[in-house]
Amino acid sequence: MNKYTGVIFDLDGVICFTDKYHYQAWKSVADRLHIPFDETVNNRLRGVSRMDSLEIILERYDGRLSGQEKEALAEEKNELYKKLLCNMSPADLSSEVKDTLDALRASGLKLAIGSSSKNTKFILKRLGLGEYFDAISDGTNITRSKPDPQVFLMAADFLGMAPENCLVVEDAEAGIAAACAGGFDSAGLGEAAACGRATYAMRTFADLKAICHA
Ligand code: BG6
Ligand code: MG
């Protein structure tokens, strides 16, 4: 029997890998403003909303910017990012991820997305997963970003399930913190597996089949 009734997946870094596109788009904005920006700063942006990401990048900026100027920079980054996302296709969905999702679903689990990204639906469509998930909670329906649990609580609500019956799958420490705060069990990949706070530390995505008894 399944241990859970639903699984809520973070998108970026779990279902697909958009890190390099976020990096290129932010790098172009940062370079224009002569702000030092490297992979170490980029790693801090994982799971963090667009505006909060900008604030992290601006920690190294000497000047002052108005709210309107910040909005314009975030918009500039997003336009570049969306152009880069057009490089994505169903070939960017690994067979390990697709086969695991199919196995979880076949075992009777409902599957949802819980992502801070406002580009979630666009990315899912690029991957050929436009209609795949039973529920989507993303940057367009939340007011508070991870580590706040809002995005996962809303995903569970969209599935009609209680947090204790859902497993959250994350690659970011902020996402594991959000799962804990919301009362969810969590399965971590990469940095989220190493942080010591996830219920399960995964080596690879397919580990979910054993975790969920699927
Ligand atoms: C998260 C990413 O999934 O979405 C963050 O890990 C990103 O790096 C955030 O800042 C918001 O994304 P978007 O697409 O709304 O700019
Ligand atoms: Mg992520």
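Remember, it's 1-based here, ligands and their atoms both numbered in the order they're listed. Since this is a predicted model, take the numbers as computed values, not measurements. By convention here, the first residue in the shown sequence is residue 1. Computed over heavy atoms, backbone and side chain alike; hydrogens, waters and symmetry mates excluded.
Using a distance-only test at 3.5 Å, with no hydrogens or angles considered, no donor-acceptor pair links the side chain of Thr140 to the main chain of Lys118.
The N, O or S atom of Asp10 with the smallest distance to the Mg ion (ligand 2) is OD2. The Mg ion (ligand 2) sits nearest to atom O when only the N, O or S atoms of Asp12 are considered. Among heteroatoms of the N, O or S kind in Asp171, OD1 lies nearest the Mg ion (ligand 2).
Of the heavy atoms in Ser117, both backbone and side-chain atoms come closer than 4.0 Å to ligand 1. Contact annotation for Val48 and ligand 1: only backbone heavy atoms (N, CA, C, O) come within less than 4.0 Å of the ligand.
A cation-pi geometry, defined here as NZ or CZ lying under 6.0 Å from the six-membered ring centre and within 45° of its normal, does not hold between Lys20 and Tyr23.
Heavy-atom proximity to Leu45, at under 4.0 Å, picks out these atoms of ligand 1: 5 (C), 8 (O). Atoms of ligand 1 found under 4.0 Å from any heavy atom of Lys118, numbered from 1 in the order shown, are 13 (P), 14 (O), 15 (O).
For ligand 1, none of its N or O atoms has an N or O atom of Arg46 under 3.5 Å away. Residue contacts with ligand 1: Asn78 is placed with no nitrogen or oxygen under 3.5 Å of a nitrogen or oxygen of the ligand (distance criterion only). Close N/O approach between Tyr81 and ligand 1 is not found [any backbone or side-chain N/O within under 3.5 Å].
Taken from CD1 in Ile56 to CG in Leu45, the straight-line distance is 5.5 Å, to the nearest 0.5 Å.
The heavy atom nearest to atom 2 (C) of ligand 1, out of those in Thr120, Asp12, Leu11, is found in Asp12.
Within the 2.8 Å limit, Glu170 places no N, O or S atom next to the Mg ion (ligand 2).
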